[in-house]
Amino acid sequence: MTATDHRPGPDHAARATQPADGTGPGTGTGPGAAAGPGAAAGPGAAADPGAAAAAATDAILADTLSHTARGVVVDSPPGAGKSTLVVRAAREIAATGRPLMIVAQTNAQVDDLVERLATAEPELGVGRLHSSDAHPYDPALDRHAQVRTSAKAADLAGLPVVVSTAAKWAHVRPPDDVPWQHAIVDEAYQMRSDALLAVARLFQRALFVGDPGQLDPFSQVGTDQWAGLSHDPSASAVTALLAHHPDLPQHRLPVSWRLPASAAPLVSRAFYPYTPFRSGTGPGERRLAFGAGADGSAVDGVLDEAARSGWGLLELPAAHTPRTDPQAVAAVARVVGRLLAREAVTADERTPRPVPLTADRVAVGTAHRDQAAAVRAALTALGVTGVTVDTANRLQGREYDVTVVLHPLSGRPDATAFHLETGRLCVLTSRHRHACVVVCRAGVPELLDDHPSAEPVTLGVPVRFPDGWAAQQTVLAELGAHRVTQA
Amino acid sequence: MTLLATLARVEAAASGRAQPLATVRHRHLAEHPMVFVPLTTAGEAGAPLGALVGTDPAAPTLLTVPQPRDRDLRFRFLAELADVLLPHLESAQDAVETVPRRSGEAAERCVDAPQLVVPNAGGVAFVRLLGRSMRFRRTAEEDPDAPHPAPARVPLLGRWLTHYGERARVPGSALLLSATELLTRHWATGQSPLEDQHLGALLAWLRAAEADVPGRDGGDGRDGGDGRDGGGGAAGARAALRAETERDAEGLLRTPPAGPATDPAFDNQRLAPAVARYDAGVFGAEAEIRTLLATQLRPTWDAVWEALERVRALPPGERVAARWEGDRWSYTAHRDRLRAGEPPQPRRDDAVTAARKLAARERDQARLSAQEALDDPLVLAGRRLAGEAFAGEVTAVEEAYSTGRRPMPRPLVTVRTGDEPQLAVGTKVYRVLPGDGRTQGGECAALPGPGLVTVRLTGGMGRGAQPAAGSVPVAGDTVCWTLFEHQPRGGPDLPDPEDTPWTHGGPPAGGPEEPDRATGEDLL
């Protein structure tokens, strides 16, 4: 069985009784909400993913611009066009003449948004509010005449759109007259409740956009004493918002344009079981191939499997290892090295003619920073440069053609809450447009069986589905079909 | 846990002796801390059974409740506890100093703060529970119609214990300490962190570290087959297991648990019959209960003082006193709130208060991690091993200046190091300047070769066109750079609680808190 065969079988269709649209009128779609009669069941039922996505976007914009609610929440699965939505919403809000502030979580996200906004609408005045550090923003923004940059919010007053990080916005004092009439909060599920508390006085109403499946915000210190409170400062901004305003309209984007047809069903089933989505492309539309043949090694074998099916699992012998497992790190590096050395080419709906896969379109994902550092060192030793190597936290929101993942539980004697966290595995397995190769020690299913999730249940905290344990099992069961064993 | 701490645990397990995790003491210890060893009643949340409390190891005050389910006896206990604890907690209120604040005003700060020490994390939780159960009580004076008025000073003690319990959540704070936390910060044992919560077992590992002969702990040799014996170096494990499980002929633990929970065998065989005799009005039953509880409390009392002596033997870290200043501010602020007649701490934090506390604790955690590393080469070694710091010899110093209207010195310092820091060009680094202890900032300018790091100094050189004397290292100097800040700053200002934004439910309702609907009279 290969991943390209994963057109929704009977099993999947049975699970996916919820349409992946969010387009119905009213759209008060919590996980259990009934589907509208017009939205018939099952992926594949709606004819055109583009039409479904456009309908969802129209509904979101209608709610956002109608001003009936103070907040609108949009859940976006990986690669569902969240940035495109933010840019479009920003332009439409700006067109109404209401001053708009955009809150993103990192400087890279802010720079990216400003760049997209400026490119999409060269006439629009955009403010980039930045810190007073040495290199506060991407100098590439300076080539847009319409972009004004400053460390002081007052300098940017009057611009239709001002973009900055949550951390910087928190230092802006509310203006004396009217605060911003509208805000867009990007990556709202990665923003902590206390960060929203610090900026919410700046705007009257807001559009909250984010991916609920990615990593939750966290704190280095204990926060148990606030667990269950509606304003728990360590919860996500969306959790706090919805705890106080459960009636706000919630939408979701129904189509992942990033994930290939081989990956969307698994990611949807494992991490979004009650809010399924589909891929924007069909089976066979994304193709990965190699110019050079396989050398018969397990590494080449797993690459061939990944090229054919979209998934590959390179399984190393079971062992308990330190975090920076030298064998696993070396295997990850070899997979990347062979991927590039074998002259991989990709073809997809954007570029039907095969183009060479370059190093900047490849990423390696790990759970820990020291693992990333070890992989970087191993790649350098192989002479491979230009490949992104980072932790799940830092890969959030990024997109690559091929990803190589060091499994978070590989070689571990225990399965802690950190390593079981749903969002970590979700980020790692949903960054790719073509294929994802997972490197892992054998024995993880047994490890999972030995460590059933035993997190304390707190009153007032909604139980999250799926839990990391179940998601890990789902992903492993799928990967098992694409296993290549290395001795 | 750092790799070095894991190594220390493995070494402790292999050698049977506790291993040091620190070379200096990382927590402030008062000269005369108040030790508080509480016991609670099994199956009866918040019903104290007894306590040993005092500042003199040789003369603890024993407080007991002969029938813990009797509300009046419980109040009597709490009143007695207030008589012992409050004079200590209030003792430092009036000795003050005046210090300038950043705003320019002068502020009053208590020159010292009373310290409270409990045996373990359970003791800290019990302090919080006592505080919560007492601070909302009404005395007869405050509310003549209350059905069960509390003794006069009990609500006040509740507010103090609540403050101490809450302060104990702040990383690096020392108003309320637990003996197990103190010991595990400074030594690693070969058992699990959960087992480390048993004060007796923890001390057994430490005592084994001092035994003369490896593998022999002065035991009588009867206990070779305890299942933990891994061969030669099992002294600590054996001694710890004995502390946890060894029972006398009557089936009672030889080392009673450090509380607040009691040994069930003691409850069943000794305490329950004695309480029954008390209920039946048997003469002498109350004295018997006192004697019984003393047998359970005294070993823990002695253990807490032993723990304090062991930790006190370490020299204090350089920045411990500065952290204690934070505790003194906290103490002073609570004193001021009491004096201003403010109501007791609310049952739950409002949105702004919770966010402020979290921000302050995150800052304090970052500060604590940085300061412990700067104070203690062993802790720093762990950070170096994790790639968060590097030390080495300066091989070259190159003069360089910033571009701009007024060029400032930006010397390039190249260091040869055996560490493997997680550096990239542009990463900020920090070091302590020799002499005055200020922090100098820099950034990684280049990684010219294996084991070589070039740092561009960006600060700490004064305002002149030439760097201040001693602020730039010279070739041959040994320097240590950290990738973490030394004085991490806190987050932004949050709105005042009355300006809580709509996203968080708006301003909290004013006025006194309503009792829980489910338990009408109960304000727990």
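In what follows, chains carry the letters A, B, and so on, assigned in the order in which the sequence lines appear, proteins first and then strands, with residues in each chain numbered from 1.
To the nearest 0.5 angstrom, B:Trp502 atom CH2 is 15.5 Å from A:Arg201 atom CZ. The distance from the CZ atom of B:Arg169 to the CD atom of A:Gln225 is 4.0 Å, given to the nearest 0.5 Å. Between the CG atom in A:Asp370 and the CG atom in B:Leu3 there is a gap of 9.0 Å [rounded to 0.5 Å].
In terms of non-hydrogen atom pairs under 4.5 Å with chain B, the most contact-rich of A:Ser234, A:Ser193, A:Ala372 is A:Ser193. In terms of heavy-atom pairs under 4.5 Å with chain B, the best-connected choice from A:Gln220, A:Arg369, A:Arg323 is A:Arg369. With chain B as the partner, the residue from A:Ala373, A:Ser219, A:Ala377, A:Gly222 showing the most heavy-atom pairs under 4.5 Å is A:Ser219. Counting heavy-atom pairs closer than 4.5 Å to chain A, the top-ranked of the candidates B:Ala355, B:Gly387, B:Ala386, B:Pro495 is B:Pro495. The candidate from A:Val221, A:Leu196, A:Thr223, A:Leu197 with the greatest count of non-hydrogen atom pairs under 4.5 Å with chain B is A:Leu197. Chain A forms the most heavy-atom pairs under 4.5 Å with one residue out of B:Gly506, B:Ala351, B:Ala366, B:Gly426, and that residue is B:Ala351.
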Could you walk me through whether B:Lys428 and A:Asp133 pass the side-chain contact (heavy atoms from CB on, under 4.5 Å) test, one step at a time?
CA-CA 11 Å; B:Lys428 287 187 180 164; A:Asp133 287 349; 4.2 Å; yes
Quick one: do B:Lys357 and A:Trp226 satisfy side-chain contact (heavy atoms from CB on, under 4.5 Å)? Show the steps, please.
CA-CA 11 Å; B:Lys357 281 185 182 175; A:Trp226 302 296; 3.7 Å; yes
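If you measure heavy-atom distances from A:Leu229 to chain B, the contacts under 4.5 Å come from the side chain alone. For A:Arg192, the part sitting under 4.5 Å from any heavy atom of chain B is the side chain, from C-beta outward, and nothing else. Residue B:Pro171 touches chain A through its side chain alone, counting heavy-atom pairs closer than 4.5 Å. Interface residue B:Gln422: only side-chain heavy atoms are found under 4.5 Å from chain A. For B:Glu388, no part sits under 4.5 Å from any heavy atom of chain A, backbone or side chain. When heavy atoms are compared at a cutoff of 4.5 Å, A:Arg376 does not approach chain B at all. Contacts between B:Arg361 and chain A at a heavy-atom distance below 4.5 Å involve backbone atoms as well as side-chain atoms.
A donor-acceptor contact shorter than 3.5 Å is absent between the side chain of A:His231 and the backbone of B:Ala354. Side-chain atoms of A:His171 never come within 3.5 Å of backbone atoms of B:Asp493 as a donor-acceptor pair (strictly under, hydrogens ignored).
Aromatic ring orientation, A:His244 versus B:His504: tilted (interplanar angle from 30° to 60°).
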